Participant: 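Dumping the structure here so I can ask a few things about it.
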Amino acid sequence: MKNIFQENTARLLAEAFRAAYPGQIEALIQTLPSNAADLESFIYSRLEVPKDRKLGDFAFPAFSAAASLKEKPVEIAQKVVAQLTPDRFTATGPYINATLAVPDMARMVLPMIHGQGAAFGSQTIGQDRKIVIDYSSPNIAKPFGVGHLRSTAIGHSLYRIFAKLGYCSIGINHLGDWGTQFGKMIVAYRKWGNDAELAKEPIKYLYDLYVRFHQQEELDSSLSDDARLWFKKLEDGDPEAVRLWKLFRDYSQAEFQRIYDILGIKFDYYTGESFYNDRIEVVMERLRRAGLVTESQGAQVVDLEPYGMPACLLKKADGATLYATRELAGIFYRYETFDFYRALYVVGSAQQEHFKQVFKVIELLGEPFADRLVHVEFGWIRFKDQAMSTRKGNIIFLEDVITTAEEKAAQIIRDKNPDLPNLDQTARMVALGAILFADLGVKKHKDVNFSWEEVLNFEGETGPYLQYTHARLSALMRRFGKPIDETVDFNLFTSPEEKELLLHLYRFGQTVETASDRYEPNYIAEYLLELAVVFNRFYQRKDAHGKLIKIISERKNETEARMLLVEAVRTVLNEGLRLLGIPAPEEM
RNA sequence: GGGCGUGUGGCCCAGCCAGGACAGGGCGUCUGGCUUCGAACCAGACGAUCGGGGGUUCGAAUCCCCCCACGCCCGCCA
């Protein structure tokens, strides 16, 4: 999606270049990078926003044309500007600065947003193609820690982003409900557990058992052998093993569902690893037929040495399956079921090699969908500079974070807005806003150091700041109390603040697109911060005497024009927050 | 040892892929702004050898090379 303001500017500049340098444009085009087909698109791609906005709205640096035109950038700028309307284009040193007319912009942008509403920024480029997104995917029988939030928040946001662009998003929670850790849990439970204790506080109890097992395992390595033995029994359908596994799984699922309900997150499928148990042999057979399976130290592997990777382990020496085996089965299942255009795996970067291996195996099988598999990786959440580890018991429960944030939000509301109805509900929205934004406000590849101070901060570049701005906009709409009319006097839009808002509003669609291209919801988070900042500045601007210029005043025409802008900002902010999975309260 | 990632004011982060005008925000600190359109806000101040070195370029936080620090992964865990 192109920015129409930028496009118009590029077109005018291109015409001016042609007029100023007749006959030399061919030489210039020769030097263009291959991605720029013509002069217009070249200029379009080179346009930047001046650092000092007083200079203009767009700037074209003339350096890039200097070599082929054999002139100094400063002279080029002057010559080109001479061909253009003087009040809209100026040469500042080697830069050609363009200034847009605010009423024109308003006429273009505001009726569009008013008409499209929440659909503003939507596209159909997805053509309903299926994007399968694997996210959250916690290991059951373990508590839901803040570490799991990363995948959950990013994946859920990508789900909505792709849907907005016209793709058919399919959300899969690939629950970690199979594997040797269940052998461990079974051993631990049989040794130290009992049903009565389990029923009281299941997740906490299972978690304690898990930590205890790992502590004991360090002292007594026979426990590891027992665990493998019990996992093998589980795979072979041993009734006692299966009974305990189901017990753990059911308790865990109920627990996770509670968390997802709080977060307002749903999945289309909850197909965990165990779902693929009866599909493993088909995959193994396929791999064997392709001649990819070799034996190494008793285990069955795919040798990836020629590709600079460690071997991909398919089956242990005792015949039990492994992570990669189930992953492969999952990929085939997803392809056969959905015929996906892309399959995303929103999983931490620690598993980068695992996915490289698995994807390589698919490629070696000659499957046509090998290049549609994407590992959307992200950095770790650490606590006090340590990796959060369930095994070591160094973990913070997401629910504790939510509860603490809710308490703080409620306290602030009681203090600032004591008459607010449904306090608990709003406090929860604010808490979620703070927590989710703490994750989505940072580029995903960065490791995040969990800090209570940061998560509980509701000021500055935070989720509650965005929510507050949304509530403020909503308050204006309530106060205005009438339907917004799109037939306003656009010539009343003149201020730099209004221009900034219009420019920024228009960029929403491009931002969503960038976020999808890079699998990075953070672009939307940053966009919204900027939008809120620009609006709040507009909201609190003062006249020459230092008096606040109010949006709603007795001047009818001005008020109506500004309210059309207010509505547009609210629409985009609301929609942007939705894409991030952050609730947008009307009051707080 | 190999692979991947990160390193930007006291703290957190954007900018790097597609190199350009004095390196942008936020937190914290200091100053100013509510006789009510919501101060979870706004305005201003202080604060940076962009990890280090070399190279390419008219121009490097950004591209290339080397080095340093930290994190993660490297066969029967997931």
Side-chain angles (χ1 to χ4, degrees), chain A residues 33 35-36 45-46 48 50-52 55 59 61-64 66-67 72-73 92-95 97 137 139 176 178-181 183-184 224 227-228 231 273 296-301 308-318 320 322-324 326-327 347-354 356 377 379-380 382 385 387 391 409 412-413 416-417 430 434 441-443 445-449 451 453-454 457-462 464-469 471-476 478-480 518 522 526 529-530 532-533 536-537 539-542 546 548 550-553 559 562 566 587-588:
Chain A
N35 60 336
S45 70
R46 286 301 173 112
E48 16 184 288
K51 296 261 161 93
D52 182 356
L55 294 172
F63 306 98
S64 47
K72 289 184 178 155
T92 311
Y95 288 87
N97 291 311
S137 307
N139 287 325
W178 203 252
T180 308
Q181 81 264 28
K184 294 179 183 180
S224 314
R228 277 193 285 275
F231 175 54
E273 294 190 61
S296 165
Q297 297 164 42
Q300 298 179 56
V301 308
M309 282 180 241
C312 180
L313 271 77
L314 301 169
K315 283 208 171 183
K316 300 195 247 185
D318 67 6
L322 284 157
Y323 185 35
R326 299 188 287 272
E327 197 80 81
V347 182
S349 54
Q351 290 180 41
Q352 187 193 66
E353 190 148 72
H354 160 76
K356 268 192 186 164
E377 49 185 293
W380 276 76
R382 295 182 292 164
D385 286 320
R391 295 186 188 188
I412 294 173
I413 293 169
K416 301 191 176 191
N417 198 357
V430 174
V442 179
K443 286 272 181 287
H445 62 267
K446 283 229 182 196
D447 287 351
V448 173
N449 244 322
S451 131
E453 196 190 328
E454 256 172 68
N457 177 26
F458 297 168
E459 292 168 17
E461 295 175 336
T462 65
Y465 172 69
L466 297 178
Q467 294 173 314
Y468 180 78
T469 307
R472 180 179 255 179
L473 286 154
S474 303
L476 281 168
R478 280 194 301 273
R479 187 173 180 68
F480 184 65
R518 309 281 279 271
N522 172 260
E526 286 185 356
L529 277 179
E530 183 64 21
V533 165
N536 284 319
R537 207 172 284 154
Y539 182 81
Q540 290 182 121
R541 77 202 159 120
K542 290 170 178 168
L548 192 69
K550 292 189 177 179
I551 288 171
I552 298 174
S553 70
T559 303
R562 288 172 188 161
V566 163
E587 295 178 82
M588 62 188 269

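Since the structure is predicted, the reported quantities are computational estimates derived from the model, not experimental observations. The chains referred to below are lettered A, B, ... by the order of the sequence lines, with proteins before strands, and numbering in each begins at 1.
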Participant: What I want to check is whether an N or O donor and acceptor connect the side chain of A/Glu353 with the base of B/rG3 at under 3.5 Å.
Facilitator: no
Participant: Just how far is it from atom CG of A/Asn522 to atom NZ of A/Lys443, taken to the nearest 0.5 Å?
Facilitator: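 Atom-to-atom, A/Asn522:CG and A/Lys443:NZ are 3.5 Å apart.
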Participant: For nucleotides B/rU57 and B/rC70, find the distance between their P atoms and express it as a whole number of Å.
Facilitator: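 So the two P atoms sit 35 Å from each other.
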Participant: Which of the following nucleotides, B/rA40, B/rC77, B/rG3, is nearest to the side chain of A/Lys316?
Facilitator: B/rC77
Participant: Whether the side chain of A/Arg228 and the base of B/rC76 hold a donor-acceptor pair under 3.5 Å is what I'd like checked.
Facilitator: no
Participant: Answer yes or no as to whether B/rC77 has its base stacked against A/Tyr323, where stacking requires a ring-centre separation under 5.5 angstrom and planes under 30 degrees apart.
Facilitator: no
Participant: For B/rC17, what is the paired nucleotide under Watson-Crick or G-U wobble rules, both distances under 3.5 Å?
Facilitator: none
Participant: Distance between the C1' atoms of B/rC76 and B/rG71, in whole angstroms?
Facilitator: 26 Å
Participant: Assuming nearest nucleotide by heavy-atom distance, tell me which of A/Arg518 and A/Pro464 is located more 5' along RNA chain B.
Facilitator: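 Its nucleotide being nearer the 5' end, the pick is A/Arg518.
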Participant: Pick base, sugar-phosphate or nothing for A/Ile413, based on heavy-atom distances below 4.0 Å to the nucleic acid.
Facilitator: base
Participant: Specify the residue among A/Arg478 and A/Asp447 whose closest nucleotide of RNA chain B lies further upstream toward the 5′ end.
Facilitator: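 The residue whose closest nucleotide sits nearer the 5' end is A/Arg478.
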Participant: Tell me if a side-chain donor or acceptor on A/Arg562 pairs with a main-chain N or O of A/Lys550 at a distance below 3.5 Å.
Facilitator: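 Looks like yes, one N/O pair under 3.5 Å.
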Participant: Any idea which of B/rA78, B/rC4, B/rC74 is nearest the A/Glu273 side chain?
Facilitator: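 Side chain of A/Glu273 sits closest to B/rA78.
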Participant: Using Watson-Crick or G-U wobble geometry with both distances below 3.5 Å, tell me the partner of B/rG38, or none.
Facilitator: none
Participant: Taking the C1' atom of each, how far is B/rC27 from B/rA14, in whole Å?
Facilitator: 15 Å
Participant: Between the base of B/rA43 and the side chain of A/Asn536, is there a donor and acceptor pair under 3.5 angstrom?
Facilitator: no
Participant: Among the candidates B/rG38, B/rU6, B/rA21, find the nucleotide nearest to the side-chain atoms of A/Lys446.
Facilitator: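 Closest of the options to the side chain of A/Lys446: B/rU6.
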